[in-house]
Amino acid sequence: MITIEINHFDLRQIAGSGQCFRMNCLKPGLYSAVSRGRYLEISQEGQQFHFHCPDEDYPFWHHYFDLNTDYGAFLSSVKKRDHYLQNAANAGSGIRILNQDAWEMIITFIISQQRTIPKIREAVENLSRLYGEEKHCTFPGGKTVVYFSFPTPAQLKKASLEDLQSLKLGYRARYIHRICLDADNGTLDLNRLSAMGYRDAMEYLLGFYGIGTKVANCICLFGLHHIEAFPVDTWIQQILTNHYYRKKYDALPKSRLYETMVQENFGKYKGYAGVMQQYIFYYERTVLHGRSS
DNA sequence: CAGCAGGTCCTGT
DNA sequence: ACAGGACCTGCT
């Protein structure tokens with residue numbers, strides 16, 4: 001077990017920020033997480049954190065939670081004039097943009113289309129249980145936890161279209177099936193994708209069946225750590241409309257409306273607008289509308 | 001029963 | 001380019 005003290009880091013906020021679907025609250029202040037085949041239990045008391053994992057895994061989780069980045073600088077850069085963002089950043093000041101696996105984010109956010117977060121979690125867990133690897137983690141003291149890694153492309157390719165449809169993935173089943181084939185035959189090159197900058201990664205991702213602008217931005221933000229990415233979903237659309245509307249936007253075509261609003265209101269946070277997106281998403285959804293997971 | 005949920009694709013102008 | 005409709009499934 002490793003104990004450290006960290007500012008601007010809050011497990012409940014991160015778990016509720018909608019960026020990861022394999023973090024669970026075991027009891028107040030204690031969370032589990034699964035990523036890249038590893039398992040962690042982490043507890044929080046104020047700014048004190050206990051990492052329960054093999055010592056050699058600690059650097060992995062330190063990077064996973066993005067603990068080398070100075071979020072205090074992001075927070076203090078919020079414009080005083082923007083009261084909505086001020087409130088949001090204050091409410092979510094412990095959020096961090098996690099370093100998650102790109103392939104897992106591709107599948108996860110394809111699944112996320114037109115679904116609620118609890119249903120996304122359920123689907124991701126089902127895929128892991130059925131196509132991932134069963135793993136065991138034994139703690140000092142003897143407690144053993146069974147968990148499942150998220151399936152690799154080679155593992156998930158074993159799922160037929162019918163298999164995926166039987167998991168109630170609906171029209172997303174076709175998207176997933178197709179992209180597994182692409183990942184297997186090299187059309188989707190994850191190593192190449194990971195080496196790209198934000199713009200190139202967006203263009204590349206948009207070429208795949210089932211990935212549109214919103215999902216591609218989520219993959220960039222949560223799976224490739226391009227923190228300038230700013231996904232616009234229905235929640236963000238509502239926020240933009242309710243808090244950032246200006247009359248001149250009426251002249252814009254719908255297809256360009258939101259990207260213009262994002263550019264004009266969040267472009268000033270150059271290179272890290274995605275952090276602000278997380279603050280307002282979390283604030284609106286969790287604090288103002290009471291969604292907990 | 002209609003409407004909507006972390007959208008995307010396809011089609012017709 | 002742009003707008004409108006279809007699409008799986010489950011929940012209200």
Side-chain angles (χ1 to χ4, degrees), chain A residues 13-23 88 92 95 97-98 100 104-127 159-180 182 188 202-224 226-227 229-242 249-262 266 273-293:
Chain A
Q13 290 173 14
I14 291 170
S17 67
Q19 60 178 307
C20 67
F21 301 88
R22 301 205 68 193
M23 205 172 154
I95 293 173
I97 309 296
L98 304 180
Q100 302 184 80
E104 180 176 337
M105 293 304 101
I106 288 172
I107 301 301
T108 297
F109 282 97
I110 285 176
I111 290 171
S112 78
Q113 299 178 36
Q114 295 287 107
R115 307 197 84 166
T116 59
I117 288 178
K119 298 304 286 183
I120 301 166
R121 300 175 73 93
E122 188 182 310
V124 170
E125 211 51 45
N126 283 338
L127 289 182
S160 68
L161 181 57
E162 292 72 26
D163 291 336
L164 295 171
Q165 284 167 338
S166 73
L167 292 175
K168 306 300 181 189
L169 291 167
Y171 60 83
R172 305 159 200 81
R174 281 176 307 167
Y175 301 157
I176 295 169
H177 188 247
R178 174 84 164 269
I179 207 158
C180 282
D182 286 339
L188 169 57
M202 280 297 291
E203 188 182 340
Y204 187 67
L205 286 167
L206 289 173
F208 294 95
Y209 186 57
I211 299 181
T213 308
K214 190 272 174 182
V215 168
N217 269 304
C218 285
I219 295 165
C220 282
L221 181 56
F222 305 129
L224 298 166
H226 295 310
I227 63 172
F230 195 105
V232 176
D233 59 21
T234 52
W235 287 94
I236 298 293
Q237 285 181 6
Q238 283 306 310
I239 293 167
L240 291 171
T241 304
N242 294 335
Y249 294 143
D250 288 342
L252 269 47
K254 285 197 170 191
S255 57
R256 308 217 63 186
L257 173 61
Y258 295 113
E259 66 179 272
T260 304
M261 294 175 85
V262 169
F266 295 90
V275 177
M276 303 300 159
Q277 190 271 8
Q278 281 289 277
Y279 292 148
I280 63 177
F281 179 84
Y282 171 77
Y283 181 59
E284 188 71 25
R285 211 182 141 281
T286 306
V287 180
L288 300 183
H289 291 266
R291 304 289 200 283
S292 55
S293 64

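None of the values given here were measured: they were computed from a predicted structure. Residue numbering restarts at 1 for every chain, and letters A, B, ... go by the order of the sequence lines.
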Fill in: Shortest side-chain distance from A:Lys168, nucleotide among C:dA3, B:dT8, C:dT9
C:dT9
Worksheet item: When you measure from the side chain of A:Lys254, which nucleotide among C:dA3, B:dT8, C:dC8 comes out closest?
Response: C:dA3
Worksheet item: Between A:Phe109 and A:Tyr175, who's closer to the 5' end of DNA chain B by nearest nucleotide?
Response: A:Phe109
Worksheet item: If you find the nucleotide of DNA chain B closest to A:Pro231 and the one closest to A:Leu206, which residue's nucleotide is nearer the 5' end?
Response: A:Pro231
Worksheet entry | B:dC9 and C:dG10, which share atom name C1', separated by this distance in whole Å | 22 Å
Worksheet item: When the C1' atoms of B:dT8 and C:dC11 are considered, how many whole Å apart are they?
Response: 22 Å
Practice prompt. Over 60° means perpendicular and under 30° means parallel, so classify the ring planes of A:Tyr175 and A:Tyr209, tilted if in between.
Written response: perpendicular
Discussion item. Side chains of A:Leu288 and A:Tyr283, heavy atoms from C-beta outward: is any pair under 4.5 Å?
Written reply: yes
Practice prompt. Could you check if a side-chain atom of A:Arg22 sits within less than 4.5 angstrom of a side-chain atom of A:Gln100, using non-hydrogen atoms only?
Written response: no
Distance, rounded to the nearest Å, where [X] contributes [atom1] and [N] contributes [atom2]:
X: A:Tyr209; N: B:dG7; atom1: OH; atom2: C1'; result: 13 Å
X: A:Arg256; N: C:dA3; atom1: CZ; atom2: P; result: 12 Å
X: A:Gln165; N: C:dC8; atom1: CD; atom2: C1'; result: 9 Å

